[in-house]
Undergrad: 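Below you'll find the structure I mean.
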Amino acid sequence: MNKNILIIDDDRELRDFLQQALSAAGFQVETTDRGAIGLRKLLTEDFKLALIDINMPEISGPNICRALRKHDKTRDLAVVMVTATFHSPEQIDAAKQDYGADDFLLKPFNGTDLQNLLEKVFSQDEPVKETTPKVQHLSDYTIPLQLQQLYREKATGLLHLQRGEAKKVIYIMDGYPIFTRSNVLNECLGRMLVKEGVITQVDCDQSVEKSKESGRLQGTVLIEMGLLTPQEVQAALIRQVTDKLLSTFAWRTGTYQFVPGKNFKKSLTTIKLTPAALIMQGIERHWTPKQLDDFLYPFGEDYLKRASNPQYRFQDIELSKRGAAILKSCLGRKTLNDLLQQHPLARREVQKVLAALMISEMLERSTVPEEGVTDDGSGDNGTEIIDEKLRHKILDDYKRIMDADYFEALGIGRQCGPGEARRSYYRLAKEYHPDRFLGSGLSSEMSSKIREMFQYITQAYSVLSDPDTCSTYLDELVSGPKKSIDINQVIEAETSYQEGRALLKVRRYSAAAKVLQRAIELSPQESEYMTYFAWALFKSAPEQQAIQNQAMEVLLASREINPGFDLTHLYLGYVYLSLNKERQGEKSFEMAVQANPNCTEALRELRLINLRREQVPESKGIFKKFMKKD
């Protein structure tokens, strides 16, 4: 399968990083720093993926993408935009619709982000195979580890569990368990209420009979019988679906299978606990002392600290007072065994807390202790949510944050340091972490706004915490984004440029100058266009001093724009020589060699100049000898 990738980016360091990373992964990679050349390559050659910087000096990434979608050859080409300035999922979705991009790679990114992107892009092109996910065997730790993995992946689908005749299905939405179905008779609503002492067994039997006769739900029948209020039934249903899930923590044999899906019916009774809270409760209720000992033993000498990633660090896990104190004390200076030894009378409780925190990735492990760590006060689970004011607060905060630049969103000045940005970000990340609002009864629209705010401030911190990306972002705030031009104009300019170079090769200098002049008119700041036009102009009439002077002026202007292009210096050297300005010509040839040590023409001219210079004194000496003889 074709796995050729083209990178279009004017950042040399980023191009080099992407080329090395992708080449090491087995891809064929080409790069260019100019949008027009990249667009032409994509339209004429075969590529599987284009990675395009959103801000380019001559043609913007969005315009390249829009042009690609107009051609049959590239209409379905995978295009990923690379940017440090996009803010939220809503903006990204809108940009996908506007530009036609398939995905976005947000700066700064790491190798894992790039790998996930490649898997996402290339998995869509694999040959169609059996799509049924593999059935795997349960172990002592499968359920909590699987829940955390699905949370990490923000997966949506059905987690099928089976142990003997017992079957359960856990509904996962964006990484959150929202519902559980079960065929276990003892887990039906009526029996759970009997077990809890809410209703009697007689009441349960009567409600079951009436439910069968009428076809209505048992909860509805219990309300009609006057045994429960609608609010009590709702609370009971939530407990029921939650308990169905938590009881799987006791399963140590059986199978599991996750089947990816899309959306589910909105009428489902939704679990109100986060994955981290479910993991904590499941371990507390169902893990045995042996499970705890076996799970924690390999990590006894590891130093524990709170996660650096706020997505995990600020999960809502509903810790006890002791558990919250343990989490707060994990600063990377104590090993797991140290923490257990501090609580000899509550060893099992501490083991459960540490196991849940580690599986939920709220704690990170290290083989060496942290130095100079201080408590930033961000280890608690946030403040209480006031339901009646919540919606208005979210809307006000959403408008304030999403309308602000990165500095304003974090509430810091433009001259702040990484430390201040980090402290402000942690404070906001704790406040706006989506987990905090899971059980607040918000609409999907409000939940979406919360996720946008969290991702926006996360992106703001990612940019401002790095001095390089912070400097670039600040420059764009002050000077504005890089200017882009019309796509059709750039394509026409590039076409004229290529035609002019072809005419130069066959020495049709006047014709070349004409089409290259058109390229400059369309793209007046493109130094390569200017250099080739000046050379074509010079070669078309090398005996005319006016033409020579015009060519020299164009080359000098091109040199100002791009002093690193060796041909500009080379051609300028030739023009200087034609004007009998050998010293300036020599200097230009020297600059051509500095720009490109392999510029053989400039090296040859420098040798010739040096030879002429060596011959002059010798000639003068011979002339003097003849004069003396006379």
Side-chain angles (χ1 to χ4, degrees), residues 6-22 31-38 50-65 79-89 91-92 94-95 98-99 101 103-114 117 308 310 401-425 428-429 452 455-485 525-527 561-564:
L6 179 65
I7 300 167
I8 307 175
D9 200 309
D10 58 344
D11 185 331
R12 180 176 179 178
E13 291 185 1
L14 184 59
R15 286 200 315 273
D16 291 344
F17 167 75
L18 288 171
Q19 184 171 29
Q20 292 174 9
L22 295 171
T31 69
T32 179
D33 62 346
R34 291 175 45 215
I37 291 179
L51 287 169
I52 308 175
D53 185 24
I54 200 166
N55 286 324
M56 297 289 290
E58 61 173 16
I59 173 173
S60 69
N63 282 337
I64 296 175
C65 191
V79 177
V80 173
M81 309 297 291
V82 183
T83 179
T85 57
F86 267 25
H87 307 152
S88 68
Q91 290 174 308
I92 290 175
D98 186 18
Y99 308 158
D103 214 329
F104 282 80
L105 186 61
L106 301 180
K107 302 177 187 176
F109 56 85
N110 54 36
T112 301
D113 298 326
L114 188 60
L117 174 69
S308 56
I401 289 177
M402 302 306 291
D403 287 346
D405 62 43
Y406 286 167
F407 295 98
E408 294 168 344
L410 294 184
I412 56 179
R414 294 188 176 183
Q415 303 303 319
C416 72
E420 184 180 352
R422 176 180 176 275
R423 288 189 294 272
S424 179
Y425 170 53
L428 291 170
E452 287 181 38
Q455 293 185 13
Y456 182 52
I457 60 176
T458 298
Q459 180 65 14
Y461 174 66
S462 297
V463 171
L464 300 186
S465 61
D466 180 84
D468 292 334
T469 56
C470 180
S471 176
T472 300
Y473 180 72
L474 184 58
D475 182 62
E476 290 187 0
L477 284 179
V478 175
S479 306
K482 299 175 184 177
K483 187 178 181 180
S484 61
I485 60 176
Q525 294 301 310
E526 179 51 62
S527 63
I561 296 173
N562 181 15

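It should be emphasised that the depicted structure is a prediction, and the values quoted were computed from it without experimental measurement.
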Undergrad: By side chain to side chain contact (heavy atoms under 4.5 Å, CB included), which residues pair with Ser465, not counting sequence neighbours?
TA: Tyr461
Undergrad: Go through the structure and list residues passing side chain to side chain contact (heavy atoms under 4.5 Å, CB included) with Ser471, not counting sequence neighbours.
TA: none
Undergrad: For the residue pair Ile7 and Gln19, what are the closest heavy atoms and their distance?
TA: CD1-N, 3.8 Å
Undergrad: Mind listing the closest non-hydrogen atom pair of Glu420 and Gly413 along with its distance?
TA: OE2-N, 4.4 Å
Undergrad: Is there side-chain contact between Asp11 and Asp53, with at least one heavy-atom pair below 4.5 Å?
TA: no
Undergrad: How far does CG of Asp33 sit from CZ of Arg15, to the nearest 0.5 angstrom?
TA: 5.0 Å
Undergrad: Give me the atom names and distance for the closest heavy-atom approach of Ser462 to Thr469.
TA: O-OG1, 4.0 Å
Undergrad: Answer yes or no: is there a side-chain heavy-atom contact under 4.5 Å between Leu106 and Thr83?
TA: yes
Undergrad: Could you check whether any side-chain heavy atom of Ile52 comes within less than 4.5 Å of a side-chain heavy atom of Val79, counting everything from C-beta outward?
TA: yes
Undergrad: Taking the side chain as C-beta and beyond, is there a heavy-atom pair between Ile412 and Tyr406 under 4.5 Å?
TA: no
Undergrad: For Leu410 and Ile457, work out which heavy atoms get closest and say how close.
TA: CD2-O, 4.0 Å
Undergrad: For the atom pair CD1 (Ile54) and CG (Leu105), what is the distance rounded to the nearest 0.5 Å?
TA: 11.5 Å
Undergrad: Got a second to check how far Arg422's CZ is from Leu464's CG, nearest 0.5 Å?
TA: 15.0 Å
Undergrad: Mind listing the closest non-hydrogen atom pair of Val463 and Tyr473 along with its distance?
TA: CG1-CB, 3.7 Å
Undergrad: Can you see which heavy atom on Leu428 is nearest to which on Ala409, and at what distance?
TA: CD1-O, 3.3 Å
Undergrad: With side chains defined as the heavy atoms from C-beta onward, is the minimum distance between Cys470 and Phe407 less than 4.5 Å?
TA: yes
Undergrad: Does a side-chain heavy-atom distance below 4.5 Å link Thr31 with Leu18?
TA: no
Undergrad: Is the backbone N or O of Tyr456 less than 3.5 Å from a side-chain atom of Gln459, with the two atoms forming a donor-acceptor pair by type?
TA: no
